[in-house]
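Below you'll find the structure, written out as C-alpha coordinates, and then a few comments.
The figures here come from the full heavy-atom set of this structure, side chains too, leaving out hydrogens, waters and symmetry mates.
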Amino acid sequence: MTAFHHMAAMVRFIVRQDRLRLFIWMMSLVAASVATASSFTSLYASDEERQAMALTVDNPAMTAMLGPGYGLDHYTEAAMMAHQMLMLTAVVVAVMNILLITRHTRAPEEDGRLEMLRSLPFGKLSPLGAAMIVMTGANLLLALLTAFGLYALGIDSLDLQGSLLYGAVLGGVGLFFATVTAVFAQLSESARGTLGFSFAALGLAYFLRAIGDVSSEALSWLSPLGWAVRTKTYVENEWGPLLLLIAAAVLLFAIALRLQLVRDLDAGFMPARAGKKESSAFLQGPLALAIRLQRTTMISWLVAMTLLGASYGSVLGDLETFFSSNEMMADMFASAEGVSMTEQFISMIIMVLTMAAAIPALLVIFKLKAEERKQRNEHVLARAVARGRQLGSYAGLALAVSISMAVIAALALGLTGAAVMDEQIDVGQFVGAALAYVPALFVIVGLGAFFVGVFPQASVFAWLYLVFFFIANYFGELFQFPSWLMQLTPFGHVPQLPMDEFNYAPAGVLLLVATGLFALAFLGYRRRDIQG
(Lines give C-alpha, C1' and ligand atoms only; values in the text may rest on other atoms or scores of the structure.)
Protein backbone atom coordinates (compact mmCIF):
# COMPACT_ATOMS: atom_id res chain seq x y z
CA MET A 1 0.00 0.00 0.00
CA THR A 2 3.01 2.34 0.11
CA ALA A 3 2.47 2.84 -3.63
CA PHE A 4 -0.79 4.67 -2.74
CA HIS A 5 0.65 6.60 0.22
CA HIS A 6 -1.08 9.98 0.81
CA MET A 7 -3.45 9.41 -2.10
CA ALA A 8 -6.27 11.09 -0.14
CA ALA A 9 -4.20 14.27 0.05
CA MET A 10 -3.62 14.10 -3.69
CA VAL A 11 -7.36 13.73 -4.27
CA ARG A 12 -8.03 16.89 -2.26
CA PHE A 13 -5.30 18.68 -4.19
CA ILE A 14 -6.81 17.76 -7.57
CA VAL A 15 -10.33 18.70 -6.46
CA ARG A 16 -9.09 22.06 -5.26
CA GLN A 17 -7.30 22.66 -8.57
CA ASP A 18 -10.25 21.70 -10.76
CA ARG A 19 -13.29 22.53 -8.68
CA LEU A 20 -14.38 25.36 -11.01
CA ARG A 21 -13.47 23.47 -14.17
CA LEU A 22 -15.40 20.38 -13.07
CA PHE A 23 -18.37 22.49 -12.02
CA ILE A 24 -18.56 24.20 -15.43
CA TRP A 25 -18.21 20.93 -17.33
CA MET A 26 -20.87 19.09 -15.34
CA MET A 27 -23.38 21.92 -15.10
CA SER A 28 -23.08 22.58 -18.82
CA LEU A 29 -23.67 18.93 -19.68
CA VAL A 30 -26.57 18.53 -17.26
CA ALA A 31 -28.19 21.80 -18.33
CA ALA A 32 -27.89 20.89 -22.02
CA SER A 33 -29.49 17.48 -21.46
CA VAL A 34 -32.35 18.82 -19.33
CA ALA A 35 -33.01 21.79 -21.63
CA THR A 36 -33.08 19.55 -24.71
CA ALA A 37 -35.50 17.08 -23.14
CA SER A 38 -37.73 19.93 -22.01
CA SER A 39 -37.74 21.50 -25.47
CA PHE A 40 -39.03 18.29 -27.07
CA THR A 41 -42.39 18.67 -25.31
CA SER A 42 -43.06 22.05 -26.91
CA LEU A 43 -41.48 21.33 -30.30
CA TYR A 44 -43.34 18.05 -30.79
CA ALA A 45 -46.56 18.35 -28.86
CA SER A 46 -48.49 15.51 -30.52
CA ASP A 47 -47.84 11.88 -31.43
CA GLU A 48 -48.22 12.74 -35.11
CA GLU A 49 -45.44 15.33 -34.95
CA ARG A 50 -43.13 12.95 -33.13
CA GLN A 51 -43.79 10.18 -35.65
CA ALA A 52 -43.07 12.62 -38.45
CA MET A 53 -39.74 13.33 -36.80
CA ALA A 54 -39.08 9.59 -36.51
CA LEU A 55 -39.47 9.25 -40.28
CA THR A 56 -37.09 12.16 -40.78
CA VAL A 57 -34.25 10.68 -38.69
CA ASP A 58 -34.73 7.07 -39.81
CA ASN A 59 -32.12 7.12 -42.57
CA PRO A 60 -28.53 5.90 -42.95
CA ALA A 61 -26.97 9.37 -42.65
CA MET A 62 -28.60 10.08 -39.30
CA THR A 63 -27.90 6.54 -38.13
CA ALA A 64 -24.21 7.00 -38.87
CA MET A 65 -24.22 10.30 -37.02
CA LEU A 66 -26.39 9.50 -33.99
CA GLY A 67 -26.61 5.74 -33.82
CA PRO A 68 -29.54 3.40 -34.52
CA GLY A 69 -32.94 4.58 -33.40
CA TYR A 70 -34.92 2.40 -31.01
CA GLY A 71 -38.62 2.88 -30.41
CA LEU A 72 -39.13 4.66 -33.73
CA ASP A 73 -42.56 3.05 -34.10
CA HIS A 74 -43.60 4.83 -30.88
CA TYR A 75 -41.32 7.87 -30.87
CA THR A 76 -41.87 9.35 -27.43
CA GLU A 77 -39.92 12.26 -25.97
CA ALA A 78 -37.74 9.74 -24.15
CA ALA A 79 -36.96 7.67 -27.24
CA MET A 80 -36.24 10.91 -29.10
CA MET A 81 -33.90 12.06 -26.33
CA ALA A 82 -31.95 8.79 -26.28
CA HIS A 83 -31.66 8.65 -30.07
CA GLN A 84 -30.75 12.26 -30.81
CA MET A 85 -28.72 13.27 -27.75
CA LEU A 86 -27.14 10.24 -26.06
CA MET A 87 -24.36 9.66 -28.60
CA LEU A 88 -23.37 13.32 -28.99
CA THR A 89 -23.42 13.94 -25.24
CA ALA A 90 -21.38 10.79 -24.61
CA VAL A 91 -18.70 12.04 -27.02
CA VAL A 92 -18.51 15.36 -25.14
CA VAL A 93 -18.24 13.51 -21.82
CA ALA A 94 -15.40 11.44 -23.28
CA VAL A 95 -13.61 14.63 -24.32
CA MET A 96 -13.98 16.01 -20.78
CA ASN A 97 -12.39 12.89 -19.29
CA ILE A 98 -9.55 12.80 -21.83
CA LEU A 99 -8.61 16.42 -21.14
CA LEU A 100 -8.79 16.19 -17.36
CA ILE A 101 -6.97 12.87 -17.00
CA THR A 102 -4.16 14.16 -19.21
CA ARG A 103 -4.04 17.33 -17.13
CA HIS A 104 -3.41 15.37 -13.94
CA THR A 105 -1.20 12.50 -15.19
CA ARG A 106 1.19 13.09 -18.07
CA ALA A 107 1.05 16.92 -18.10
CA PRO A 108 2.46 17.50 -14.57
CA GLU A 109 5.04 14.78 -15.20
CA GLU A 110 6.17 16.48 -18.40
CA ASP A 111 6.34 19.90 -16.72
CA GLY A 112 8.38 18.63 -13.77
CA ARG A 113 5.68 19.25 -11.17
CA LEU A 114 5.20 15.56 -10.46
CA GLU A 115 8.89 15.16 -9.72
CA MET A 116 8.56 17.80 -7.02
CA LEU A 117 5.56 16.02 -5.51
CA ARG A 118 7.30 12.66 -5.69
CA SER A 119 10.15 14.11 -3.64
CA LEU A 120 7.60 14.26 -0.83
CA PRO A 121 6.23 11.09 0.81
CA PHE A 122 3.71 10.35 -1.96
CA GLY A 123 3.33 6.84 -3.30
CA LYS A 124 4.29 6.04 -6.88
CA LEU A 125 0.69 5.28 -7.83
CA SER A 126 -0.92 8.07 -5.80
CA PRO A 127 -1.17 10.67 -8.62
CA LEU A 128 -2.74 8.26 -11.09
CA GLY A 129 -5.00 6.72 -8.46
CA ALA A 130 -6.10 10.13 -7.23
CA ALA A 131 -6.84 11.35 -10.74
CA MET A 132 -8.99 8.29 -11.42
CA ILE A 133 -10.81 8.64 -8.08
CA VAL A 134 -11.67 12.26 -8.87
CA MET A 135 -12.86 11.46 -12.39
CA THR A 136 -14.82 8.43 -11.17
CA GLY A 137 -16.57 10.68 -8.68
CA ALA A 138 -17.14 13.32 -11.36
CA ASN A 139 -18.65 10.78 -13.76
CA LEU A 140 -20.82 9.33 -11.01
CA LEU A 141 -22.05 12.79 -10.01
CA LEU A 142 -22.70 13.67 -13.65
CA ALA A 143 -24.70 10.46 -14.08
CA LEU A 144 -26.84 11.14 -11.01
CA LEU A 145 -27.45 14.81 -11.78
CA THR A 146 -28.41 14.02 -15.36
CA ALA A 147 -30.67 11.13 -14.36
CA PHE A 148 -32.58 12.98 -11.66
CA GLY A 149 -32.63 16.18 -13.72
CA LEU A 150 -34.37 14.35 -16.56
CA TYR A 151 -36.73 12.52 -14.22
CA ALA A 152 -37.62 15.76 -12.41
CA LEU A 153 -39.06 17.21 -15.63
CA GLY A 154 -42.15 15.10 -15.01
CA ILE A 155 -42.46 13.89 -18.61
CA ASP A 156 -44.33 10.58 -18.64
CA SER A 157 -41.96 8.74 -20.96
CA LEU A 158 -38.87 9.88 -19.03
CA ASP A 159 -39.27 7.23 -16.34
CA LEU A 160 -36.84 6.75 -13.47
CA GLN A 161 -35.22 3.54 -14.74
CA GLY A 162 -34.57 4.96 -18.19
CA SER A 163 -33.25 8.22 -16.75
CA LEU A 164 -30.87 6.35 -14.45
CA LEU A 165 -29.62 4.29 -17.38
CA TYR A 166 -29.22 7.41 -19.54
CA GLY A 167 -27.07 9.08 -16.89
CA ALA A 168 -25.18 5.85 -16.18
CA VAL A 169 -24.28 5.44 -19.87
CA LEU A 170 -22.79 8.93 -19.92
CA GLY A 171 -20.80 8.18 -16.78
CA GLY A 172 -19.73 4.78 -18.13
CA VAL A 173 -18.46 6.23 -21.41
CA GLY A 174 -16.61 8.92 -19.50
CA LEU A 175 -15.00 6.37 -17.17
CA PHE A 176 -13.97 4.18 -20.11
CA PHE A 177 -12.17 6.99 -21.91
CA ALA A 178 -10.63 8.20 -18.66
CA THR A 179 -8.94 4.81 -18.31
CA VAL A 180 -8.00 4.77 -22.01
CA THR A 181 -6.25 8.10 -21.45
CA ALA A 182 -4.58 6.76 -18.31
CA VAL A 183 -3.08 3.92 -20.36
CA PHE A 184 -1.85 6.27 -23.09
CA ALA A 185 -0.33 8.49 -20.38
CA GLN A 186 1.98 5.57 -19.60
CA LEU A 187 2.76 4.79 -23.23
CA SER A 188 3.49 8.33 -24.43
CA GLU A 189 6.29 10.60 -23.22
CA SER A 190 4.30 13.82 -23.58
CA ALA A 191 0.92 15.30 -22.81
CA ARG A 192 0.49 16.11 -26.48
CA GLY A 193 1.06 12.48 -27.41
CA THR A 194 -1.38 11.34 -24.73
CA LEU A 195 -4.06 13.66 -26.06
CA GLY A 196 -3.34 12.64 -29.63
CA PHE A 197 -3.61 8.91 -28.98
CA SER A 198 -6.70 9.34 -26.77
CA PHE A 199 -8.58 11.46 -29.28
CA ALA A 200 -7.55 9.04 -32.03
CA ALA A 201 -9.07 6.22 -29.97
CA LEU A 202 -12.26 8.26 -29.56
CA GLY A 203 -12.38 8.97 -33.29
CA LEU A 204 -11.81 5.30 -34.13
CA ALA A 205 -14.57 4.28 -31.73
CA TYR A 206 -16.98 6.73 -33.38
CA PHE A 207 -15.92 5.63 -36.87
CA LEU A 208 -16.36 1.92 -36.14
CA ARG A 209 -19.73 2.60 -34.56
CA ALA A 210 -20.90 4.74 -37.51
CA ILE A 211 -19.93 2.17 -40.12
CA GLY A 212 -21.21 -0.72 -38.03
CA ASP A 213 -24.58 0.86 -37.31
CA VAL A 214 -25.18 1.28 -41.03
CA SER A 215 -23.67 -1.89 -42.47
CA SER A 216 -22.36 -4.40 -39.92
CA GLU A 217 -23.56 -5.04 -36.38
CA ALA A 218 -20.28 -6.79 -35.55
CA LEU A 219 -18.28 -3.61 -36.15
CA SER A 220 -20.47 -1.68 -33.73
CA TRP A 221 -19.74 -4.20 -31.00
CA LEU A 222 -16.03 -3.44 -31.42
CA SER A 223 -16.67 0.14 -30.32
CA PRO A 224 -17.43 1.28 -26.75
CA LEU A 225 -19.72 3.91 -28.25
CA GLY A 226 -21.55 1.07 -29.96
CA TRP A 227 -22.07 -0.52 -26.56
CA ALA A 228 -23.48 2.76 -25.25
CA VAL A 229 -26.27 3.05 -27.83
CA ARG A 230 -27.12 -0.64 -27.53
CA THR A 231 -28.39 -0.11 -24.01
CA LYS A 232 -31.60 0.94 -25.84
CA THR A 233 -32.19 3.57 -23.20
CA TYR A 234 -35.80 4.49 -22.44
CA VAL A 235 -37.01 1.71 -24.77
CA GLU A 236 -35.78 -1.66 -23.53
CA ASN A 237 -33.29 -0.44 -20.90
CA GLU A 238 -30.64 -3.13 -21.33
CA TRP A 239 -27.93 -2.76 -18.66
CA GLY A 240 -25.62 -5.45 -20.08
CA PRO A 241 -23.65 -3.19 -22.46
CA LEU A 242 -23.14 -0.69 -19.63
CA LEU A 243 -21.65 -3.41 -17.44
CA LEU A 244 -19.35 -4.29 -20.33
CA LEU A 245 -18.19 -0.65 -20.45
CA ILE A 246 -17.45 -0.62 -16.74
CA ALA A 247 -15.65 -3.98 -16.84
CA ALA A 248 -13.45 -2.76 -19.71
CA ALA A 249 -12.70 0.44 -17.78
CA VAL A 250 -11.64 -1.56 -14.70
CA LEU A 251 -9.35 -3.72 -16.83
CA LEU A 252 -7.77 -0.70 -18.51
CA PHE A 253 -7.23 0.98 -15.14
CA ALA A 254 -5.45 -2.11 -13.84
CA ILE A 255 -3.21 -2.06 -16.93
CA ALA A 256 -2.46 1.64 -16.39
CA LEU A 257 -1.52 1.02 -12.76
CA ARG A 258 0.81 -1.82 -13.72
CA LEU A 259 2.51 0.26 -16.40
CA GLN A 260 2.88 3.20 -14.01
CA LEU A 261 4.45 0.91 -11.41
CA VAL A 262 7.17 -0.50 -13.68
CA ARG A 263 8.17 2.57 -15.71
CA ASP A 264 10.54 5.36 -14.74
CA LEU A 265 9.44 8.93 -14.11
CA ASP A 266 9.34 11.02 -17.34
CA ALA A 267 9.70 7.85 -19.43
CA GLY A 268 7.19 6.23 -21.73
CA PHE A 269 6.86 2.83 -23.31
CA MET A 270 6.84 4.54 -26.71
CA PRO A 271 9.92 6.77 -26.34
CA ALA A 272 10.47 9.69 -28.65
CA ARG A 273 12.81 9.06 -31.53
CA ALA A 274 16.22 10.65 -31.11
CA GLY A 275 16.58 13.81 -33.15
CA LYS A 276 19.38 14.82 -35.50
CA LYS A 277 22.49 16.54 -34.20
CA GLU A 278 22.04 19.39 -36.63
CA SER A 279 18.85 20.92 -37.95
CA SER A 280 18.05 20.78 -41.63
CA ALA A 281 17.81 23.81 -43.85
CA PHE A 282 14.03 23.52 -43.54
CA LEU A 283 14.18 24.45 -39.84
CA GLN A 284 15.47 27.96 -40.38
CA GLY A 285 12.34 29.92 -39.47
CA PRO A 286 9.38 30.02 -37.07
CA LEU A 287 6.95 28.65 -39.65
CA ALA A 288 9.10 25.55 -40.21
CA LEU A 289 9.40 25.09 -36.45
CA ALA A 290 5.63 25.39 -36.01
CA ILE A 291 5.08 22.76 -38.68
CA ARG A 292 7.68 20.47 -37.14
CA LEU A 293 6.18 20.75 -33.66
CA GLN A 294 2.68 19.95 -34.85
CA ARG A 295 3.19 17.62 -37.78
CA THR A 296 2.00 14.55 -35.88
CA THR A 297 -1.14 16.32 -34.70
CA MET A 298 -1.88 17.66 -38.18
CA ILE A 299 -1.34 14.29 -39.84
CA SER A 300 -3.59 12.62 -37.25
CA TRP A 301 -6.34 15.13 -37.87
CA LEU A 302 -5.92 14.80 -41.62
CA VAL A 303 -6.46 11.05 -41.34
CA ALA A 304 -9.40 11.57 -38.98
CA MET A 305 -11.10 14.07 -41.30
CA THR A 306 -10.58 11.73 -44.25
CA LEU A 307 -12.14 8.84 -42.37
CA LEU A 308 -15.00 11.04 -41.15
CA GLY A 309 -15.77 12.22 -44.68
CA ALA A 310 -15.52 8.69 -46.05
CA SER A 311 -17.81 7.32 -43.33
CA TYR A 312 -20.55 9.78 -44.24
CA GLY A 313 -19.96 9.23 -47.95
CA SER A 314 -20.39 5.47 -47.58
CA VAL A 315 -24.07 5.89 -46.62
CA LEU A 316 -25.07 8.26 -49.43
CA GLY A 317 -26.01 5.39 -51.72
CA ASP A 318 -28.66 4.16 -49.29
CA LEU A 319 -30.26 7.60 -49.10
CA GLU A 320 -31.60 7.33 -52.63
CA THR A 321 -33.60 4.21 -51.75
CA PHE A 322 -34.78 5.71 -48.48
CA PHE A 323 -36.00 8.93 -50.03
CA SER A 324 -37.67 7.24 -53.00
CA SER A 325 -39.73 5.02 -50.69
CA ASN A 326 -40.70 7.72 -48.19
CA GLU A 327 -43.53 9.95 -49.38
CA MET A 328 -43.40 12.11 -46.26
CA MET A 329 -39.75 12.96 -46.83
CA ALA A 330 -40.59 13.89 -50.40
CA ASP A 331 -43.29 16.25 -49.15
CA MET A 332 -40.99 17.81 -46.56
CA PHE A 333 -38.28 18.63 -49.11
CA ALA A 334 -40.53 19.45 -52.04
CA SER A 335 -39.99 23.19 -51.51
CA ALA A 336 -36.34 22.99 -52.56
CA GLU A 337 -36.88 23.17 -56.32
CA GLY A 338 -34.07 21.92 -58.53
CA VAL A 339 -32.19 20.37 -55.60
CA SER A 340 -32.45 16.70 -54.72
CA MET A 341 -33.10 15.56 -51.18
CA THR A 342 -29.71 13.83 -51.14
CA GLU A 343 -28.04 17.13 -52.01
CA GLN A 344 -29.81 18.76 -49.08
CA PHE A 345 -28.44 16.11 -46.75
CA ILE A 346 -25.01 16.58 -48.28
CA SER A 347 -25.11 20.30 -47.51
CA MET A 348 -25.78 19.49 -43.85
CA ILE A 349 -22.92 16.99 -43.73
CA ILE A 350 -20.54 19.49 -45.36
CA MET A 351 -21.43 22.02 -42.67
CA VAL A 352 -20.64 19.47 -39.93
CA LEU A 353 -17.32 18.57 -41.55
CA THR A 354 -16.22 22.20 -41.90
CA MET A 355 -17.13 22.84 -38.28
CA ALA A 356 -14.92 19.91 -37.35
CA ALA A 357 -12.14 21.44 -39.48
CA ALA A 358 -12.11 24.44 -37.13
CA ILE A 359 -10.91 22.26 -34.24
CA PRO A 360 -7.40 21.42 -35.57
CA ALA A 361 -7.06 25.02 -36.80
CA LEU A 362 -7.63 26.33 -33.26
CA LEU A 363 -5.26 23.71 -31.88
CA VAL A 364 -2.54 25.03 -34.20
CA ILE A 365 -2.95 28.69 -33.23
CA PHE A 366 -3.22 27.86 -29.52
CA LYS A 367 0.02 25.89 -29.71
CA LEU A 368 1.79 29.26 -29.63
CA LYS A 369 0.15 30.01 -26.29
CA ALA A 370 1.24 26.61 -24.96
CA GLU A 371 4.83 27.22 -26.08
CA GLU A 372 4.74 30.56 -24.32
CA ARG A 373 3.36 29.08 -21.13
CA LYS A 374 6.15 26.50 -21.09
CA GLN A 375 8.74 29.29 -21.60
CA ARG A 376 9.87 27.95 -24.96
CA ASN A 377 8.65 30.88 -27.02
CA GLU A 378 11.16 33.27 -25.46
CA HIS A 379 14.04 31.23 -26.92
CA VAL A 380 12.69 31.97 -30.40
CA LEU A 381 11.95 35.63 -29.76
CA ALA A 382 15.42 36.11 -28.24
CA ARG A 383 16.79 35.61 -31.76
CA ALA A 384 16.21 37.72 -34.84
CA VAL A 385 12.51 36.84 -34.99
CA ALA A 386 9.93 39.59 -34.74
CA ARG A 387 6.79 38.97 -32.72
CA GLY A 388 4.64 39.62 -35.77
CA ARG A 389 6.51 36.98 -37.72
CA GLN A 390 6.14 34.47 -34.91
CA LEU A 391 2.39 35.00 -34.57
CA GLY A 392 2.01 35.17 -38.35
CA SER A 393 3.67 31.78 -38.75
CA TYR A 394 1.16 30.08 -36.47
CA ALA A 395 -1.79 32.05 -37.84
CA GLY A 396 -0.86 31.27 -41.44
CA LEU A 397 -0.41 27.60 -40.61
CA ALA A 398 -3.80 27.56 -38.85
CA LEU A 399 -5.48 29.10 -41.91
CA ALA A 400 -3.86 26.52 -44.19
CA VAL A 401 -4.90 23.72 -41.85
CA SER A 402 -8.52 24.91 -41.77
CA ILE A 403 -8.75 24.93 -45.57
CA SER A 404 -6.95 21.63 -46.09
CA MET A 405 -9.02 19.81 -43.45
CA ALA A 406 -12.29 21.03 -44.92
CA VAL A 407 -11.25 20.19 -48.48
CA ILE A 408 -9.89 16.72 -47.69
CA ALA A 409 -13.04 15.81 -45.75
CA ALA A 410 -15.27 17.04 -48.59
CA LEU A 411 -13.12 15.22 -51.13
CA ALA A 412 -13.35 11.96 -49.15
CA LEU A 413 -17.11 12.47 -48.84
CA GLY A 414 -17.47 13.07 -52.58
CA LEU A 415 -15.23 10.24 -53.74
CA THR A 416 -16.80 7.70 -51.39
CA GLY A 417 -20.28 8.91 -52.27
CA ALA A 418 -19.54 8.66 -55.98
CA ALA A 419 -18.59 5.02 -55.50
CA VAL A 420 -21.91 4.07 -53.88
CA MET A 421 -24.46 6.44 -55.45
CA ASP A 422 -26.47 5.48 -58.52
CA GLU A 423 -26.90 9.07 -59.67
CA GLN A 424 -23.46 10.50 -59.07
CA ILE A 425 -22.83 14.10 -58.08
CA ASP A 426 -19.74 15.86 -59.35
CA VAL A 427 -17.00 15.69 -56.70
CA GLY A 428 -16.27 19.34 -57.45
CA GLN A 429 -19.62 20.26 -55.92
CA PHE A 430 -18.57 18.72 -52.61
CA VAL A 431 -15.30 20.64 -52.61
CA GLY A 432 -17.02 23.86 -53.69
CA ALA A 433 -19.55 23.55 -50.87
CA ALA A 434 -16.70 23.16 -48.37
CA LEU A 435 -14.76 26.11 -49.80
CA ALA A 436 -17.83 28.30 -49.30
CA TYR A 437 -17.19 27.98 -45.54
CA VAL A 438 -13.58 29.23 -45.78
CA PRO A 439 -14.47 32.83 -44.77
CA ALA A 440 -16.27 31.48 -41.68
CA LEU A 441 -13.24 29.33 -40.83
CA PHE A 442 -11.02 32.40 -41.17
CA VAL A 443 -13.21 34.20 -38.62
CA ILE A 444 -12.75 31.32 -36.16
CA VAL A 445 -8.97 31.30 -36.68
CA GLY A 446 -8.93 35.09 -36.36
CA LEU A 447 -10.80 34.81 -33.07
CA GLY A 448 -8.24 32.29 -31.82
CA ALA A 449 -5.39 34.60 -32.90
CA PHE A 450 -7.12 37.50 -31.12
CA PHE A 451 -7.18 35.61 -27.83
CA VAL A 452 -3.54 34.52 -28.23
CA GLY A 453 -2.43 38.05 -29.03
CA VAL A 454 -4.58 40.03 -26.60
CA PHE A 455 -6.16 37.81 -23.93
CA PRO A 456 -4.32 34.46 -23.79
CA GLN A 457 -5.89 33.57 -20.44
CA ALA A 458 -9.38 33.79 -21.99
CA SER A 459 -8.78 31.49 -24.95
CA VAL A 460 -11.33 29.00 -23.59
CA PHE A 461 -14.03 31.35 -24.89
CA ALA A 462 -13.00 30.50 -28.45
CA TRP A 463 -13.82 26.85 -27.72
CA LEU A 464 -17.11 27.82 -26.08
CA TYR A 465 -18.02 29.88 -29.13
CA LEU A 466 -17.20 26.91 -31.35
CA VAL A 467 -19.57 24.75 -29.30
CA PHE A 468 -22.22 27.48 -29.45
CA PHE A 469 -22.23 27.81 -33.21
CA PHE A 470 -22.26 24.02 -33.62
CA ILE A 471 -25.38 23.80 -31.46
CA ALA A 472 -27.00 26.84 -33.09
CA ASN A 473 -26.44 25.71 -36.66
CA TYR A 474 -26.71 21.93 -36.32
CA PHE A 475 -29.71 21.85 -33.99
CA GLY A 476 -31.25 25.13 -35.15
CA GLU A 477 -33.85 23.58 -37.42
CA LEU A 478 -34.48 20.68 -35.05
CA PHE A 479 -35.18 22.89 -32.04
CA GLN A 480 -36.61 25.77 -34.09
CA PHE A 481 -34.12 28.33 -32.82
CA PRO A 482 -34.82 31.93 -33.89
CA SER A 483 -32.98 32.97 -37.04
CA TRP A 484 -31.15 35.79 -35.26
CA LEU A 485 -29.49 33.25 -32.95
CA MET A 486 -27.94 31.40 -35.87
CA GLN A 487 -26.87 34.72 -37.38
CA LEU A 488 -24.62 35.27 -34.33
CA THR A 489 -22.27 32.66 -35.76
CA PRO A 490 -20.14 32.99 -38.90
CA PHE A 491 -21.57 29.73 -40.23
CA GLY A 492 -25.05 31.24 -40.12
CA HIS A 493 -24.06 33.61 -42.95
CA VAL A 494 -22.68 30.97 -45.32
CA PRO A 495 -24.92 29.70 -48.15
CA GLN A 496 -25.38 25.94 -48.04
CA LEU A 497 -24.33 24.80 -51.48
CA PRO A 498 -25.79 23.35 -53.64
CA MET A 499 -29.17 24.31 -52.12
CA ASP A 500 -28.36 28.03 -52.14
CA GLU A 501 -26.49 30.22 -54.56
CA PHE A 502 -23.16 31.60 -53.42
CA ASN A 503 -23.41 35.20 -52.20
CA TYR A 504 -20.23 37.24 -52.27
CA ALA A 505 -21.49 39.95 -49.90
CA PRO A 506 -21.65 37.83 -46.71
CA ALA A 507 -18.34 36.20 -47.64
CA GLY A 508 -16.74 39.64 -48.00
CA VAL A 509 -18.10 40.76 -44.64
CA LEU A 510 -16.78 37.62 -42.94
CA LEU A 511 -13.34 38.19 -44.48
CA LEU A 512 -13.38 41.80 -43.23
CA VAL A 513 -14.27 40.58 -39.73
CA ALA A 514 -11.44 38.04 -39.88
CA THR A 515 -9.03 40.74 -41.06
CA GLY A 516 -10.03 42.96 -38.15
CA LEU A 517 -9.50 40.17 -35.65
CA PHE A 518 -6.06 39.41 -37.07
CA ALA A 519 -5.12 43.10 -36.97
CA LEU A 520 -6.09 43.34 -33.30
CA ALA A 521 -4.22 40.10 -32.61
CA PHE A 522 -0.95 41.34 -34.14
CA LEU A 523 -1.26 44.71 -32.43
CA GLY A 524 -1.91 43.14 -29.03
CA TYR A 525 0.83 40.53 -29.40
CA ARG A 526 3.45 43.18 -30.13
CA ARG A 527 2.44 45.22 -27.09
CA ARG A 528 1.69 42.70 -24.34
CA ASP A 529 4.22 41.04 -22.06
CA ILE A 530 5.34 37.50 -22.79
CA GLN A 531 4.05 35.19 -20.08
CA GLY A 532 6.62 33.50 -17.91
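Between Tyr525 and Gln390, the closest side-chain pair of non-hydrogen atoms falls below 4.5 Å. You'll find the side chain of Ile291 reaches within 4.5 Å of the side chain of Met298, heavy atoms only. Contact of the Met132 side chain with the Leu175 side chain is registered, since non-hydrogen atoms from C-beta on lie closer than 4.5 Å. Within the 4.5 Å cutoff, the side chain of Tyr394 has heavy atoms near those of the Gln294 side chain. Two residues are said to be in side-chain contact when any heavy atoms from C-beta on lie closer than 4.5 Å; Leu164 and Phe148 meet this criterion. Under the 4.5 Å side-chain criterion, counting only non-hydrogen atoms from C-beta, Thr36 is not in contact with Thr89.
Leu517 and Leu447 get closest at one heavy-atom pair: CD1-N, 3.6 Å. A pairwise comparison of heavy atoms in Phe177 and Ile98 identifies O-CG1, 4.2 Å as the closest pair. Residue Ala138 comes nearest to Leu22 through the heavy atom pair CB-CD2, 4.0 Å, listed as atom of the first residue, atom of the second, then distance. For the pair Val445 and Ala395, the tightest heavy-atom approach, listed with the atom from each and the gap, is CG1-O, 4.2 Å. Taking each heavy atom of Val454 and Ala521 in turn, the nearest pair found is CG2-CA, 4.4 Å. Taking every heavy atom of both residues into account, Ser220 and Asp213 meet most closely at OG-OD1, 2.7 Å.
Classification of the Phe176-Trp227 ring pair by plane angle, with boundaries at 30° and 60°, yields perpendicular.
Rounding to the nearest 0.5 Å places CG of Leu368 at 11.0 Å from CG of Leu397. Atom CD of Gln84 is separated from atom CG of Leu88 by 9.5 Å, given to the nearest 0.5 angstrom. Here the CG atom belonging to Leu257 is positioned 11.0 Å from the CG atom belonging to Leu252, to the nearest 0.5 angstrom. Separation of atoms CZ (Phe199) and OG1 (Thr102) is listed at 7.5 Å; rounding is to 0.5 Å. Annotation: the span from Asn139 atom CG to Leu170 atom CG amounts to 9.0 Å, rounded to 0.5 Å. In this structure, the separation between CZ on Arg21 and CZ on Arg103 is 3.5 Å, given to the nearest 0.5 Å.
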Check against side-chain contact (heavy atoms from CB on, under 4.5 Å), Leu242 and Leu165: CA-CA 8 Å; Leu242 174 63; Leu165 180 57; 4.0 Å; yes
side-chain contact (heavy atoms from CB on, under 4.5 Å) between Tyr166 and Leu150, intermediate numbers included: CA-CA 9 Å; Tyr166 187 98; Leu150 292 174; 3.6 Å; yes
From CA spacing to verdict: side-chain contact (heavy atoms from CB on, under 4.5 Å), Ile403, Phe442: CA-CA 9 Å; Ile403 297 174; Phe442 280 18; 3.7 Å; yes
Verdict with reasoning, Ile14 to Val11, per side-chain contact (heavy atoms from CB on, under 4.5 Å): CA-CA 5 Å; Ile14 293 175; Val11 170; 6.0 Å; no
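No donor-acceptor pair under 3.5 Å is formed between the side chain of Ser188 and the backbone N or O of Phe184. A distance-only check finds no donor-acceptor pair linking the side chain of Thr416 to the backbone of Leu413 [under 3.5 Å]. Remark: side-chain polar atoms of Arg19 are paired, donor with acceptor, to backbone N or O of Arg16 under 3.5 angstrom. Using a distance-only test at 3.5 Å, with no hydrogens or angles considered, no donor-acceptor pair links the side chain of Thr105 to the main chain of Leu128. Of the possible donor and acceptor atoms, none in the side chain of Arg209 sits under 3.5 Å from a partner among the backbone N and O of Gly226. A donor-acceptor contact shorter than 3.5 Å links the side chain of Lys124 to the backbone of Leu261. Distance alone, capped at 3.5 Å, is enough to place a donor-acceptor pair between the Ser402 side chain and the Leu399 backbone. Between the Arg230 side chain and the Pro241 main chain, no donor and acceptor come within less than 3.5 Å of each other. Side-chain atoms of Ser198 never come within 3.5 Å of backbone atoms of Leu195 as a donor-acceptor pair (strictly under, hydrogens ignored). The closest donor-acceptor contact from the side chain of Asn237 to the backbone of Tyr234 lies under 3.5 Å.
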Side-chain atoms of residues 26-33: list all donor-acceptor pairs with protein atoms under 3.5 Å, sequence neighbours left out, distances to 0.1 Å.
unit_1 : atom_1 : unit_2 : atom_2 : d
Ser28  : OG     : Ile24  : O      : 2.7
Ser33  : OG     : Leu29  : O      : 3.1

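For Val91, the side-chain contact (heavy atoms from CB on, under 4.5 Å) partners two or more places apart in sequence, or in a different chain, are Met87, Leu202, Tyr206, Leu225. Scored by the side-chain hydrogen bond (donor to acceptor under 3.5 Å, both in side chains) test, Trp239 finds no partners at all (sequence neighbours excluded). With sequence neighbours excluded, no residue forms a side-chain contact (heavy atoms from CB on, under 4.5 Å) with Ala304. Every side-chain contact (heavy atoms from CB on, under 4.5 Å) that Pro360 has, sequence neighbours left out, goes to Trp301, Val401, Met405.
Applying the ring-ring contact (aromatic ring centres under 6.0 Å, His included) test to residues at least two apart or on different chains, the pairs with a partner in residues 346-372 are Phe366-Trp463.
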